[in-house]
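Everything below concerns the one structure shown next.
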Amino acid sequence: MTKDEVENGRDDMLIDGPEQANAVPDGFNANYLRIYYGKLFPHADIFKWMSYGNDGKHPACDKSYIGRREFSFTLENDIYIRFQSFNSASELENSIKEKCPFKIDIGPVYSVDPAKRHAYAQSGDNVFTPVERELVFDIDITDYDDVRYCCTGADVCLECWPLMTIAIKVIDTALRDDFGFNHILWVYSGRRGVHCWVCDGKARRLTNEQRAAIADYFRVYQGNENSNKKISLPGHVLHPFLARSYTEVLKGFFEAKLLSNQNLLSSEERYEKILEMIPDAVAAELRGRWQEKKRSSMLKNDINVVRWEQLKHALQSGKQRHKDYEDVLKRLSFLSRTLGLIWRFRST
Amino acid sequence: MQVVRCHRISSSNDVVVSTLPLYRSAPPLEVRLEDFELFAVDRLRVLKGISDGLSRGKKPEEIAKLAMDLWKANMRYPQATEDVNKDNISHFVLRLVYCRTEELRKWFLSMETALFRYRFHSESSEAQRALMSEFNLPYKAVSNAEFESVKDKLVQVARSMGQTLLPADAIFYKVPFEEVSELVAGRRVFIHKGHAYVAMNQVVSIVVTQFRSHLSKALILTNRKWTSTIREQEKDRLTPIVEALCTSYLGPDYSQPKEFAEISIKDIDQIAKTSFPLCMRHLFEKVREDHHLKHGGRMQLGLFLKGVGLKVDDALAFWKAEFAQKVGAERFDKEYAYNIRHNYGREGKRTDYTPYSCQKVILSTPGVGDHHGCPYRHFSEENLRAALARMGVGSRIVEDVIDKARNRHYQLACTLTFEAVHGSSCDAGINHPNQYFIESQKILQSKNGSMAQ
């Protein structure tokens with residue numbers, strides 16, 4: 001609203017009215033990118049973040065640190081330039097404004113300034129090597145495509161986004177409580193997922209092996225469409241991480257939202273996927289019941305919730321422990337896809 | 001290493017002394033020159049036993065037992081204190097031997113680490129704890145209260161792995177999770193705020209990793225010292241011993257043939273077909289074919305025949321009969337006969353004149369016109385297939401043999417051949433051509449014996 005409009009106290013808000021002089025076209029526009037870099041992009045903040053305190057004046061500063069960080073730009077026409085490095089915020093700002101990259105990637109901190117890498121490679125001692133890199137997780141909603149029915153591909157909606165919320169909560173809690181990390185940034189990736197940046201010093205200095213270990217710690221799900229029981233949870237007692245994830249996050253979301261949002265038990269095709277995971281005898285009994293009642297007379301209650309209660313009851317009449325175990329299987333089948341965890345540690 | 005205990009252990013008067021040294025520094029001991037070599041050889045038997053077990057694909061428990069048996073057999077002294085000295089000395093001598101190339105270092109590192117792991121496992125828990133503190137891992141001790149606060153989580157982790165309960169005197173250690181990546185990856189530990197609570201049996205893997213990493217660095221340093229000073233300084237004393245040690249063969253030397261002493265020339269063709277290993281069979285065939293062999297071949301086959309029981313006169317007659325066809329009788333007498341008598345006349349412990357072990361044969365480098373060396377190493381696959389077929393080895397086994405040879409397990413290839421040709425297994429594995437011959441003759445004699453009945 002313009003100043004005039006505010007002062008006139010208009011009651012009806014015409015926001016995108018036809019008489020608006022500068023109409024904003026849809027879609028990406030390189031000019032807007034230029035304006036964005038000129039007026040909105042937080043050059044100084046990014047620089048300060050990447051410096052991790054080494055831009056100060058205290059004695060422990062490593063002046064070479066920020067200059068050893070690689071940035072790479074994807075320019076118009078898909079031109080990709082690597083090993084960009086900057087020694088000051090203004091250098092970074094000027095370079096971005098001048099090149100107007102369509103995409104900026106942040107690489108690792110190397111042992112020497114990437115601009116000087118050729119000099120060191122020739123010494124034969126492999127001195128040009130990455131020494132620090134944030135621990136980054138990349139979660140795509142498409143990793144959950146086999147358990148969401150509302151959207152496919154890069155589409156996301158309010159019904160399936162909770163899958164992402166679950167993943168974020170589970171991973172964030174584990175990173176803080178289990179691994180002891182504190183400086184964690186979650187950010188929407190712009191299309192269909194989220195990125196998680198763990199920036200603690202300890203995280204930045206993790207080796208590849210340690211990063212793989214953290215990813216494996218989260219992993220529950222192995223295999224693909226071809227294998228049947230893809231989740232391996234040996235024993236009836238769960239590791240504290242899994243137990244906590246179930247109790248604090250998964251159970252609630254599943255019963256309150258996903259069950260209904262995704263109509264997980266409403267059709268044969270869908271409920272079969274869940275029946276596959278429970279003992280055959282119980283599954284057979286339930287299948288029989290559900291196949292008969294095509295249309296439940298109890299339409300007041302969501303059919304998914306009703307059937308879920310039936311399922312739980314059926315399992316409960318067996319072993320109590322069985323119930324929990326199987327429940328978790330289902331929950332964790334959603335969680336599991338976080339094991340599209342892709343950490344990024346780009347090496348030379 | 002932070003120690004978290006769940007039981008107060010009553011103090012005892014016994015001082016827990018671990019007999020497992022960490023080889024941090026060379027012991028300031030005086031060693032007799034003969035012990036220098038002998039101790040190393042004994043230890044090498046243990047390491048080679050482990051190596052053999054590994055390349056034969058034995059199960060870990062079997063190898064562990066084998067290692068401990070070999071250790072007891074070779075490294076024990078009547079007095080326990082002497083054990084430790086021999087342990088230390090032999091290790092440091094072998095460091096000199098095995099520091100000199102990348103491949104040697106790799107082998108030694110693997111075997112010593114494996115040996116350390118087996119020995120560590122068999123120590124008492126008190127000794128294990130004492131050892132761990134020797135590793136100087138910079139973690140502080142915590143109170144018992146902490147154990148109580150995480151106990152139920154620890155139980156949960158144990159049960160999630162299928163273990164029933166924590167043993168009564170279970171001990172846990174608190175380490176940064178980065179130190180135990182493997183355990184974290186498999187969710188086999190409880191972690192909290194960046195610390196992993198590691199059970200005693202899991203600790204072994206931490207300790208072994210530290211041992212390995214330390215030894216790896218030490219070997220590099222040893223190599224530098226060896227190359228820069230020691231080798232030259234000791235060239236008249238220790239260096240020849242060190243250089244001979246890694247190729248040394250550790251079994252019987254077959255220089256004094258015992259049981260099958262009576263082999264005459266007329267038997268020799270028959271015996272060559274049935275009981276010679278491929279290396280000697282090939283040389284023998286070539287002598288018959290070309291009426292000549294170059295020096296390397298003469299040594300390898302000649303000494304083998306001596307070990308087999310060919311008397312010196314028969315040997316001379318054999319070689320002359322062949323060589324005379326090429327170079328004439330006079331030249332044979334002048335140039336070749338002396339060396340053959342020399343090989344037989346020589347007594348004493350000089351290893352040069354004992355029949356070659358597989359190791360020695362494998363390490364030799366035949367050139368153009370040579371036929372010695374190990375055929376599993378040097379023959380092309382095609383030639384090897386043909387040679388094995390001539391020996392009567394079935395095509396399926398030929399593939400196994402080829403596979404072993406391709407993977408540089410030459411002695412295993414020869415063992416497989418032996419087993420195929422004789423129709424019985426050879427558990428000990430072939431490591432000497434004369435051993436092949438003796439084992440072969442044993443089997444054939446027993447078959448003949450039973451048939452004669």
Side-chain angles (χ1 to χ4, degrees), chain A residues 125 132 135 170-171 173-184 198 200-222 231-247 321 324-325 328-329 332 335-336 339 341 343 345, chain B residues 2 4 102 137-140 142 146-166 170 172-199 202 205-206 208-210 212-213 216-217 220 224:
Chain A
D125 260 346
E132 280 192 15
L135 175 63
V170 168
I171 295 176
T173 308
L175 288 173
R176 289 179 198 278
D177 289 0
D178 298 350
F179 291 100
F181 296 126
N182 295 307
H183 303 285
I184 302 174
V198 186
D200 296 54
K202 273 203 331 176
R204 303 199 308 269
R205 290 183 281 273
L206 290 171
T207 64
N208 280 346
E209 192 198 343
Q210 290 157 347
R211 288 164 202 256
I214 296 177
D216 281 339
Y217 181 80
F218 290 122
R219 189 209 313 277
V220 177
Y221 188 85
Q222 301 267 23
I231 299 148
S232 56
L233 294 172
H236 291 302
V237 179
L238 296 172
H239 185 278
F241 158 64
L242 299 176
R244 177 191 65 215
S245 304
Y246 168 60
T247 320
R321 209 169 264 174
D324 287 346
Y325 176 64
V328 176
L329 276 182
L332 290 171
L335 169 72
S336 64
L339 268 310
L341 290 187
W343 66 94
F345 188 95
Chain B
Q2 288 169 307
V4 182
E102 171 74 31
L137 295 165
Y139 306 118
K140 297 184 290 250
V142 294
E146 183 171 2
F147 181 82
E148 289 305 317
S149 72
V150 296
K151 188 171 169 187
D152 58 336
K153 294 283 193 298
L154 298 178
V155 170
Q156 202 175 351
V157 172
R159 291 180 71 200
S160 78
M161 294 191 287
Q163 294 163 19
T164 40
L165 286 169
L166 302 177
F172 279 79
Y173 294 85
K174 189 174 163 183
V175 306
F177 80 87
E178 295 96 323
E179 305 271 323
V180 288
S181 298
E182 266 181 44
L183 298 175
V184 169
R187 284 194 298 270
R188 296 202 290 279
V189 282
F190 172 61
I191 53 175
H192 183 67
K193 294 294 184 203
H195 287 98
Y197 291 79
V198 184
Q202 296 172 318
S205 72
I206 305 176
V208 170
T209 311
Q210 294 270 345
R212 192 193 171 94
S213 129
S216 173
K217 292 184 197 128
I220 307 277
R224 274 191 211 144

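In what follows, chains carry the letters A, B, and so on, assigned in the order in which the sequence lines appear, proteins first and then strands, with residues in each chain numbered from 1.
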Between S181(B) and A213(A) the two heavy atoms that sit nearest each other are O-CB, 3.3 Å
Hits for side-chain contact (heavy atoms from CB on, under 4.5 Å) against A174(A), two or more places apart or cross-chain, chain-then-number order -> D178(A), F218(A), F241(A), R244(A)
If one checks every heavy atom of F177(B) against chain A at 4.5 Å, the contacting part turns out to be side chain
To the nearest 0.5 Å, atom CD of Q210(A) lies from atom CD of E179(B) at 8.5 Å
Smallest heavy-atom separation, Y217(A) atom then V184(B) atom, equals CD1-O, 3.3 Å
The side chain to side chain contact (heavy atoms under 4.5 Å, CB included) partner of H239(A) among R187(B), R188(B), M161(B), R159(B) is R187(B)
Taken to the nearest 0.5 Å, the spacing of Q156(B) CD from L238(A) CG works out to 7.5 Å
(message) Looking at K202(A), I want to see if its NZ is surrounded by more than 12 non-hydrogen atoms of other residues, nucleotides or ligands under 6.0 Å.
(response) yes
Cut-off 4.5 Å, heavy atoms of chain A, and the answer for V180(B) is neither
